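All of these numbers come straight from a predicted model, not from anything done at the bench. Index from 1, following the sequence. Because only heavy atoms are used, hydrogens play no part in the values below, and waters and symmetry mates are left out as well, while side chains stay in.
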Amino acid sequence: MDPLNNICPISERRYEDVPIDNVKVINSRNRDQEQFDMNVESIEGVGLMKPIRVNDKFLETTGKYELICGEGRLLAHKQLGKTHVPAEVVTCTRKEALLQSLIENIARTKPGSMDFARELKRLHDEGWDYPRIAKVACKTERYIRDYIQLVEQGEERLIQGVEAGIFPIKFAIQVASTDDSQIQAVLMDAFAAGLVTTTNFGQARRIISARAKQSKKSPASRDYTVGQLQHDIAETTRVKTGYVREAKSKENRFMTLLAGVNTLFQDTELIALLRRQQLDKRPELAGDFSFDPTTSSEVST
């Protein structure tokens with residue numbers, strides 16, 4: 001059975017009220033307490049709108065249904081003191097049940113969150129490749145790779161910061177792409193200080209990486225700080241500004257020279273003299289520069 005194509009007509013589905021104590025959770029996950037309390041209140045007020053799903057393949061040998069999806073709804077019924085819960089009952093292998101559970105979690109988890117990233121990672125651990133996960137999650141393969149990398153390489157502080165709303169997920173993915181924990185720590189400190197954003201992240205990482213390479217040669221540069229990063233960013237900006245200023249100055253001088261040449265080539269007597277000396281051919285200019293097309297060296301003598 002392929003979880004991607006597991007579409008069964010309503011008339012062929014089995015629904016039962018199963019004993020809550022006979023349901024075993026095999027794929028538990030963390031949940032938002034506030035959202036859970038709202039779900040409990042909703043179930044108490046209007047009842048369960050969507051049954052849980054359980055697997056009865058091992059019921060005869062273990063006496064337990066294995067939960068595929070709906071842990072929150074199951075826990076809500078327990079909290080409300082209920083003994084039974086409406087369930088869709090299916091028969092499948094544990095592998096199939098786990099995949100169904102992971103896919104259900106992805107569908108119900110908010111995109112752009114660490115829970116969503118963890119569910120993508122769990123599905124990848126089960127042997128699914130990036131294109132297949134991307135199809136289930138309705139995301140690009142690059143998106144899937146980035147989020148899984150965040151779970152695999154992100155520092156604990158980084159992940160906790162995303163969950164606490166300190167770091168935006170985009171910034172966290174950028175940090176996780178750096179596999180050096182010290183560099184990650186400096187980037188997080190710099191973000192907290194307002195020095196680094198997702199906009200100038202690339203520049204900051206290049207500066208820190210360059211420092212990290214220096215640290216292998218000079219022990220004195222190993223303990224890199226946010227203060228040093230701020231100084232290096234300012235210095236890099238100063239050098240870049242100076243380079244741009246110098247380039248602009250040279251461009252202005254060149255344009256002045258070009259304008260002078262165009263003026264000279266409007267002098268018919270000069271053109272005639274240059275043609276006699278075979279010097280009337282203008283050089284080819286590289287880039288976006290060109291001679292004034294209104295002037296011409298095709299002047300008769």
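Using cut-offs of 30° and 60° on the angle between ring planes, the pair Tyr130 and His124 is parallel.
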Mind running salt bridge (charged side-chain N to carboxylate O under 4.0 Å, His left out) on Asp189 and Arg157 for me, showing each step along the way? CA-CA 11 Å; Asp189 289 341; Arg157 174 191 167 194; 2.8 Å; yes
List the steps, then state whether side chain to side chain contact (heavy atoms under 4.5 Å, CB included) holds for His77 with Ile43. CA-CA 8 Å; His77 276 67; Ile43 291 174; 3.8 Å; yes
Side chain to side chain contact (heavy atoms under 4.5 Å, CB included), that's the test. Do Leu120 and Arg145 meet it? Break it down for me. CA-CA 9 Å; Leu120 297 176; Arg145 289 177 184 275; over 6 Å; no
For side chain to side chain contact (heavy atoms under 4.5 Å, CB included), just list the numbers for Gln100 and Cys92, CA-CA rounded to whole Å, side-chain angles, deciding distance to a tenth of an Å, and then say yes or no. CA-CA 10 Å; Gln100 288 186 47; Cys92 60; 4.0 Å; yes
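Checking Asn262 against Gln266 by side-chain atom types alone, no donor-acceptor pair falls below 3.5 Å.
By the 6.0 Å and 45° rule, Arg142 does not stack over the aromatic ring of Tyr147. Both cation-pi conditions hold for Lys139 and Tyr143: the charged atom is under 6.0 angstrom from the six-membered ring centre and inside a 45 degree cone around its axis.
Salt bridge status for Lys57 with Glu66: absent, with no side-chain N to carboxylate O gap under 4.0 Å.
Residues Lys24 and Tyr65 are not in side-chain contact: their nearest non-hydrogen atoms beyond the backbone lie 4.5 Å or more apart. Counting only heavy atoms from C-beta outward, the side chains of Lys82 and Leu48 never approach each other to under 4.5 Å. Between Val175 and Phe191, every side-chain heavy-atom pair lies at or beyond the 4.5 Å cut-off. At least one side-chain heavy atom of Lys95 sits under 4.5 Å from a side-chain heavy atom of Glu126.
Considering all non-hydrogen atoms of both residues, Ala97 and Asn55 come closest at CB-ND2, 4.2 Å. What you find for Arg53 and Leu67 is that their closest heavy atoms are O-CD1, 3.6 Å.
Within the 3.5 Å criterion, the main-chain N or O of Ser249 finds no donor-acceptor partner in the side chain of Asn252.
Here the straight-line distance linking atom CD1 of Ile148 with atom CD1 of Ile133 works out to 4.5 Å at 0.5 Å rounding.
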